[in-house]
**Q** 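Got a structure for you, questions after.
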Amino acid sequence: MQYQYQEIENKWRKYWAENKTFAAEDNSVKPKYYVLDMFPYPSGAGLHVGHPLGYIASDVYARYKRLLGFNVLHPMGYDSFGLPAEQYAIQTGQHPAITTKMNIEGGVDKQGNVIPGYRNQLDKIGFSFDWDREVRTSEPNYYKWTQWIFKQLFNSWYNKDADKAEKIDTLIEQFKTKGNAAVNAVCDDVAVFSATDWNSWSEEQQQQLLLNYRIAYLSDTWVNWCPALGTVLANDEIKDGVSERGGHPVEQKLMRQWSMRITAYAERLINGLEGLDWTDSIKDIQRNWIGKSVGASVKFAVHNSQSSNKSLQTENCGLKTDFIEVFTTRPDTIFGVSFMVLAPEHDLVDVITTAEQKSEIEAYKKAASLKSERDRQSDIKNITGAFTGAYAIHPFTGDKIQIWIGDYVLATYGTGAVMAVPCGDQRDWDFATHFGIEIKNIFKDKDISEAAYTEKDAIITDSDFLNNLPAKEAIKKAIAEIEKRGFGKGKTQYRLRDAVFSRQRYWGEPFPVYYKGDVPYLINDANLPVVLPEVDKYLPTEDGQPPLARAKNEDWNVTCPGDRMEYNTMPGWAGSSWYFLRYMDDHNDNEFVAKEKVNYWKNVDLYIGGAEHATGHLLYARFWTKFLYDLGYIPFDEPFQKMINQGMIQGNSALVYRVMLHVEVAFKNSSENIIIPTRRYCFISKNKIESYHKLILLIPNSIQNEIIDEEINKKETTINSDYNSINIKVDNVTSGYADVNFLNGNKLNIEQFKKWRDEFNDAYFILEDSGDFIVDREVEKMSKSKYNVQTPDELVDKYGADTLRCYEMFLGPLEQHKPWDTQGITGVHGFLKKLWRLFHDDNGFVVSDETPTQEELKSLHKTIKKVKEDIERFSFNTPVSAYMICVNELTAQKCNKRAILEPLLIILAPYAPHIAEELWAKLGNTESITYAVFPKYNEAYLVESNHKYPVSFNGKMRFILELPTTLTAAEVESEVMGNEQTIKQLGGQTPKKVIVVPNKIINFVV
RNA sequence: GCCCGAGUGGCGGAAUUGGUAGACGCGCACGACUCAAACUCGUGUUCUUACGAGUGCCGGUUCGACUCCGGCCUCGGGUACCA
C-alpha cells in the first residue's frame, strides 16, 4: 500500500482547521510557552524555500512543547505597511490596501500575474499556527493601538532619578510648583526656568517647551533625507551611505520631524542584554550600535573671548567667558593636550576666529560643507584642518593651546569638539604631525616618534598630580580633580541617536495628531483609530508636502479640532515594535492587551528570525517594551527571551554556457544571391566547454553540417532557389541562466528550456557523451533575476509537506547559511516511505500487538533520548538522522509492533505531523496526535552488556576489543594485555603506560 | 582598521562534558529485479598500491585534541574618523 502524501496532507490540514487544533487557551492551568516567528512583510513575490526555514523550526518546537504538556501560543500575522506596496501603488494607481490583501490572500493582479498569497503558501506546509489570532499592522483595529501607544510616548518623559519613564503630568506638576531646576530628565538643552516663568507662559510656549521632554517629540533635526524615496530614513535604514531599500543616495537635511527619545533607554538597553539568551554576535552589534563611552566632560576656557552671544557663555571657576566643552574617555591624558579641534560646524567657530584667520577658516568650512557624508568617510587618510587663530587655556597648567577646526571631528557626536592628545590618540597624532603642532609625551618609557601610544597600560608622567599612576587609576583621580576644581565632571556618552519617527509616505500608520498653528495636539482616545484617508495620488504634493497633505480635513474619519492633521505617517517599525503583545489578545477593543492575558503569557520564550534586524526592529521592540513596562502596562521589560537567527538559504543557480552563431546561408536563384542571415544560440554542456573553449572559431564540421542541413530544410520550403554557400561566425563563450526548475539534478530538460524563450527555440545543443546536457552551478542569493528561486509549493506538490519540513531541517544547523539543493530531498522522502512501509504490506495496514524485543526497544529508546536532547538544545537537523537510523533499524528487524511504532509516531510528529496523524489514527486513536504525551525514555533499555573498546597506541586506534561492561579498569588491562593483536602491535616493546577508561577507551603509550 | 562567527570527504553535514573523525543523507560505482528504462532493494565509497596520513596553516598542553591554549591564513557578518 502506497504512501499517498497528498491525500493524507489535505485530510489533516482540513481536520486541524475545522477542529481549531492549535488554538491557544487563554485561561489555562498548563504552563505557557510562547513561540514566535519574526513578523513577515507580505511581498507579492511570495515565499521561496528560504522563508519557511525558521517557521518550520519554530513549528517543530511549538509542537514538541505541546507534547510535553505546555499551553503553546504560536501565532502568525503580517507587517503589512511598507514601501513595496506603496511603490506598486504609485506605479499602478491601485490602493496599497488592495495589493496588500492580495499578497496575503492570493489572486490575480492588474498585470495578470497570479499571486499565490502568503496564507495559501503557509497553509500548505502544515504549520500549527493559531490563525484566529492573526494580526495585520495595516488594519485599523490594529493600528488603533499603535496610535494609542504613540500617545503614551507623547504623554511621557524620562525621569533619570527614578530611571524610568513617567506620565508627563508629573513633570507639568513640578514645572508649576518648582520650575525645572530640580528636574533630572533626559531632554534637549533647556534653560533654567522658575515656576513663575512657567505659569506666566502661554499655552503655546508651554507646549513647545514640553516637546523638549516628551519621549515622542517634534523637533528640527538633521535627518537622512532620501530624495528618490521622498522620505527620511532612520540610521538603521541606511547601509554604506545609501538607502537599504533600493540603494538610493541619502543627504542631510534639517526638517521638523517626530523623534523617539530612545537615548533615554541607552543604558538599560545595554544592561538588559545580559539576561537574554541571544547570540553574542547580535548582542555585540547592539552594544556597538548604542556605543557607550565612559569618561569626562571638560570645559576649556577660550583665551580673551567674551562673545556677545550670551548662550555660548558660561560661568566657570569665577570666569565668565566662552568655553569649549569636550568629551574624553581619557581624562588621564589631560596633561598631554597640546591643541583643540572643533568640528567645522561648531557654534563657536565664527565667534573665536581671529580676523587674520577668517578667510582660511571660511574656505575650510565651505569645503567641508560641500563634502557629502560619504566623501568625508572615504577620505580618512587625507588630513585637513585650519587654525582659528584663537587659543584655549589649559585648565590645569594655564598654558595657551591652539584651537583648530578639522572635519575628523564630528559635529553630531559628543560636543563636536575634542581636546587633542597626540601622544595617546592616533588621529590627533596624525593631525599634529601633519600641521607641525607640538606633541607632548606623558607616557613613561613609551616611544611615540612613529605613532601614538593608544594602549591603556602605560604609566603617566609629566602630569603633576597624576605622575606615576597607571591609566586606570589616573582616570579616576583626574575626574575627581576635574570635578573638585569645577571645570567638568565624569560623564557617559552614547553613540545612539534618537530615532526619527516620521516618514513622508502614504502607506503607514497616521499619527493621532493635529496642529493648532505649529503646536501638535493629540486626538482623543475615543476617536481612535485615525484612519488613513483616501487620496487621489500616492505622491508628494507639488509643494513637497507628504501624500497625506492631499487629503482635506473633511476626508479624515475624525473631525480635526485644529488647523490641520499631521501629514506624516509612522515608520515601518512602529507596528512591529509591539505586535507580539497583540497576539495575546487580538480581539480586544478596549485595551491593546488585557492585563490578565499579558500576565499569563508574558514575553516571548522563543523568537526565530533573521539577524538583519539587529539594529532596527530588535532594538525598537526592546525600547517600547521597556517603556510599556515603566508605565505599568506589562509585567516584563524584555520582549524576546531566547532568540535564534536562522541562516539565509542561498540559491543554487544553473549556468549554461553558450555562443551565438551568426549563420549566413546564401541561396542562388537565376539572377541573384539571396543571403539569409540568422542568429542561433549554441549551448554547450558543462564538461564540453573546455574542449570547445579553445576551438571557439572552429565549430567542428560535423556540427556545421548538421546546422547547414537544418537551415536548408527550413529555407527550402520558403525559398524557391538552390543552396549556394553557408558562412558561420561565432561569438565568444558567455554564460547565462537556466531556470532551476528545468533541472533534474544537474541535467537540463532541453525541451522545457527551448520553450522558455523564443530565441532558444532553434538553439543548437552540444551534449555530453552520455547524451545529457549538464549545467554548471553557482551559489548566490536566491532571487527572481537569477532564476534560482525554488518555491515551497512546487516541492510540497512533488514530495509533500512532511518531506519538505524534514528536509529543510535536515539541511544543516538552523543558524548557518547554506545553499539550497533539491538533490538530497529524495533521501528524506524515501525515509518517510520507509516509515510508511513499517506499518503496511502489499495488502494494507499491518501492525501487531506482540511484545517487542530488547533490540527493538533499544532502537526506540535511544531515538527518544536523542530526539529529546537535540530538540531541547535547538539542534533541529540531527533528530532527522536519528529518525532515519531508527526506521532503518526497525526495517532490518522487520518490526511492526504497536508498542514500538506508536511512541515513534509521537516523537516524529513535530517534524512530520501529517503522516504521524494518519498513522496514529490508523492505530485506532481518535484524538489528534498534537496533544499526545511525549514518551519517556528508559535508560534500562540502553544498557549494554558488552562494550567495544577502541584500542589505541599513542592515540591512534588500531583495533576493537569487545569486553563485558562489568569489568574494572584492572581487569580490562589484563584482558587487553593478553590479547594477541596487542602483542602484535607492541612488537615486543613494553608499553610505558596503559590508560584504561572503563566503558570508553584503552590507550597504550609506547 | 576594530568587534563577532565559521573553516571537517565529490556535496549538505555528524561527533552534546577532550576518549573509535566522517553518523545520516545526497552524489558516484558495482550488483539484483526488468526485454529495457524508471522505481525499488543490496554492496562499496576520506586520501594512499602499501607503510601510513588526515578536521584551514604553524606551534603548544595532554596518555589522548575537530574539541583546550598561543600565533597566523581564508571566508562570512557587523562597524567604520565615536574623541
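What you see is a predicted model; the values in this text were computed from it and never measured. So that the names make sense, note that chain A is the first sequence line, chain B the second, and so on, each numbered from 1.
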**Q** To the nearest angstrom, how far is A:H817 atom NE2 from B:C11 atom C1'?
**A**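 Spelled out: NE2 on A:H817 to C1' on B:C11 is 19 Å.
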**Q** Scan A:P819 against the nucleic acid and name what it touches under 4.0 Å (heavy atoms): base, sugar-phosphate only, or nothing.
**A**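 Nothing: the residue A:P819, judged by heavy atoms under 4.0 Å, touches no strand.
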**Q** Can you check the A:L496 CG to B:A80 P distance for me, whole Å?
**A**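 Value for this atom pair: 13 Å.
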**Q** Figure out the CD1/C1' separation between A:I282 and B:U79, and round it to whole Å.
**A**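 It works out to 14 Å between those atoms.
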**Q** Tell me which of A:Q823 and A:T328 sits closer to the 5' end of RNA chain B, going by the nucleotide each one is nearest to.
**A**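 Nearer the 5' end of the strand: A:Q823.
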**Q** Any non-hydrogen side-chain atom of A:F1004 less than 4.5 Å from a side-chain atom of A:M977?
**A**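 A:F1004 vs A:M977: side chains touch.
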**Q** What's A:R497 touching, base or sugar-phosphate or nothing? Going by heavy atoms closer than 4.0 Å.
**A**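 Since no nucleic acid heavy atom lies under 4.0 Å of A:R497, the category is nothing.
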**Q** Looking at every non-hydrogen atom in both residues, tell me the closest pair between A:V994 and A:I1002 and how far apart they are.
**A**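 That closest heavy-atom pairing would be CG1-CG2, 4.4 Å.
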**Q** When you check the phosphate oxygens OP1 and OP2 of B:C82, does a side-chain N or O of A:R287 lie under 4.0 Å from one of them?
**A**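 A:R287 to B:C82 OP1/OP2: no side-chain N or O under 4.0 Å.
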**Q** Between A:R427 and A:D430, is there a salt bridge with N-O shorter than 4.0 Å?
**A**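 Salt bridge between A:D430 and A:R427, a charged N being under 4.0 Å from a carboxylate O: no.
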**Q** How far does the C1' atom of B:C68 sit from the matching atom of B:C24, given to the nearest Å?
**A**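 One C1' to the other, the span is 29 Å.
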**Q** Can you measure A:I285 atom CD1 to B:A80 atom C1' for me and round it to whole angstrom units?
**A**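 Taking CD1 of A:I285 and C1' of B:A80, I get 14 Å after rounding.
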**Q** Rounded to whole angstroms, how far apart are CH2 on A:W289 and P on B:C2?
**A**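 Distance check: A:W289 CH2 to B:C2 P gives 21 Å.
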**Q** Taking the minimum atom-to-atom distance to the side chain of A:S293, which one of B:C81, B:C26, B:C82 wins?
**A**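 It is B:C82.
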**Q** With a cut-off of less than 4.0 Å, is there a side-chain N or O of A:Q816 near OP1 or OP2 of B:G13?
**A**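 Yes, such a contact exists.
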**Q** Parallel, tilted or perpendicular for A:F435 and A:F431, by the 30°/60° rule?
**A**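 Rings of A:F435 and A:F431: tilted, 30 to 60°.
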**Q** In whole Å, measure the gap between the P atoms of B:G25 and B:G44 for me.
**A**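 Result for the P pair: 13 Å, nearest Å.
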**Q** For the pair made of CD in A:E973 and C1' in B:C63, what is the distance, rounded to whole Å?
**A**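 Spelled out: CD on A:E973 to C1' on B:C63 is 12 Å.
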**Q** Does B:G60 sit syn or anti, given that only angles within 90° of 0 count as syn?
**A**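 Glycosidic conformation of B:G60: anti.
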**Q** Identify each atom pair where a protein N or O and an N or O of nucleotides 16-25 of chain B are less than 3.5 Å apart, giving names and distance.
**A**
from: B:U16; atom 1: O4; to: A:K866; atom 2: NZ; distance (Å): 3.3
from: B:G25; atom 1: OP1; to: A:N888; atom 2: ND2; distance (Å): 3.1

**Q** Show me the dot-bracket string of RNA chain B, counting Watson-Crick or G-U pairs under 3.5 Å, with | for pairs to another strand and [ ] for crossing ones.
**A** (((((((..(((......[....)))((((((.......))))))((....))..(((((..]....))))))))))))....
**Q** When you compare B:G76 with B:C81, how far apart are their P atoms, in angstrom units rounded to a whole number?
**A**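 Pairwise P distance, B:G76 against B:C81, rounds to 23 Å.
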**Q** For a quick check under 3.5 Å, do A:Q493 and A:Y413 share a side-chain donor-acceptor pair by atom type?
**A**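 The answer is no; no qualifying pair exists.
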**Q** Check the surroundings of atom CD in A:Q2: do more than 12 heavy atoms from other residues, nucleotides or ligands lie under 6.0 Å from it?
**A**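 Not buried by this count: 12 neighbours or fewer within 6.0 Å.
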**Q** Let's see if you can work this out: which of B:C63, B:C81, B:U40 has an atom nearest to the side-chain heavy atoms of A:K993?
**A**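 Nucleotide nearest to A:K993's side chain: B:C63.
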**Q** Looking at every strand, decide which applies to A:D428 at a 4.0 Å heavy-atom threshold: base, sugar-phosphate, or nothing.
**A**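 No contact.
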**Q** Flag the pair A:E274 and A:R287 as a salt bridge only when some basic side-chain nitrogen lies within less than 4.0 angstrom of an acidic carboxylate oxygen.
**A**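 So A:E274 does not pair with A:R287 through a salt bridge.
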**Q** How far does the P atom of B:G9 sit from the matching atom of B:U48, given to the nearest Å?
**A**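 Nearest-Å result for B:G9 against B:U48 at atom P: 14 Å.
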**Q** Please measure how far the C1' atom in B:A14 lies from the corresponding atom in B:U8, and state the result in whole Å.
**A**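 Per the computed distance, 10 Å lies between those C1' atoms.
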**Q** With a 4.0 Å cut-off, would you call A:R873 and A:E869 a salt bridge?
**A**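 So A:R873 does not pair with A:E869 through a salt bridge.
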**Q** Taking only the P atom of each, what is the distance from B:A23 to B:G64 in whole angstrom?
**A**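 Each nucleotide's P atom is 26 Å from the other's.
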**Q** Scan side-chain atoms only and decide if A:Q893 and A:S859 contain a donor-acceptor pair under the 3.5 Å cut-off.
**A**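 A pair is found: one side chain offers a donor N or O, the other an acceptor, under 3.5 Å apart.
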**Q** Between A:D284 and A:V1005, name the one whose nearest nucleotide on RNA chain B is closer to the 5' end.
**A**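 Whichever sits nearer the 5' end wins; that is A:D284.
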**Q** What is the distance from NE2 of A:H829 to C1' of B:U40, rounded to the nearest Å?
**A**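 Rounded to whole Å, this separation is 13 Å.
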**Q** Where the side chain of A:L811 is concerned, which of B:G13, B:G12, B:G27 is the nearest nucleotide?
**A**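 Nearest listed nucleotide: B:G12.
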**Q** Expressed as a whole number of Å, how far does the C1' atom of B:U34 sit from that of B:U40?
**A**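 Those two atoms are separated by 11 Å.
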**Q** Would you kindly say whether A:T878 and A:S875 are connected by a side-chain donor-acceptor distance under 3.5 Å?
**A**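 On atom types as modelled, these side chains qualify, holding a pair under 3.5 Å.
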**Q** Would you say a side-chain N or O of A:R427 is under 4.0 Å from OP1 or OP2 of B:C82?
**A**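 Yes.
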**Q** Is a donor from one side chain sitting under 3.5 angstrom from an acceptor on the other, for A:Y408 and A:D428?
**A**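 The criterion, which ignores hydrogens and geometry beyond distance, is satisfied for A:D428 and A:Y408.
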**Q** B:G78, B:U79, B:C4: which one has an atom nearest the side-chain heavy atoms of A:S281?
**A**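 Output: B:C4.
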**Q** Could you work out the separation of B:G13 and B:G27 based on their C1' atoms and round it to a whole Å?
**A**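 Rounded to whole Å, the distance is 14 Å.
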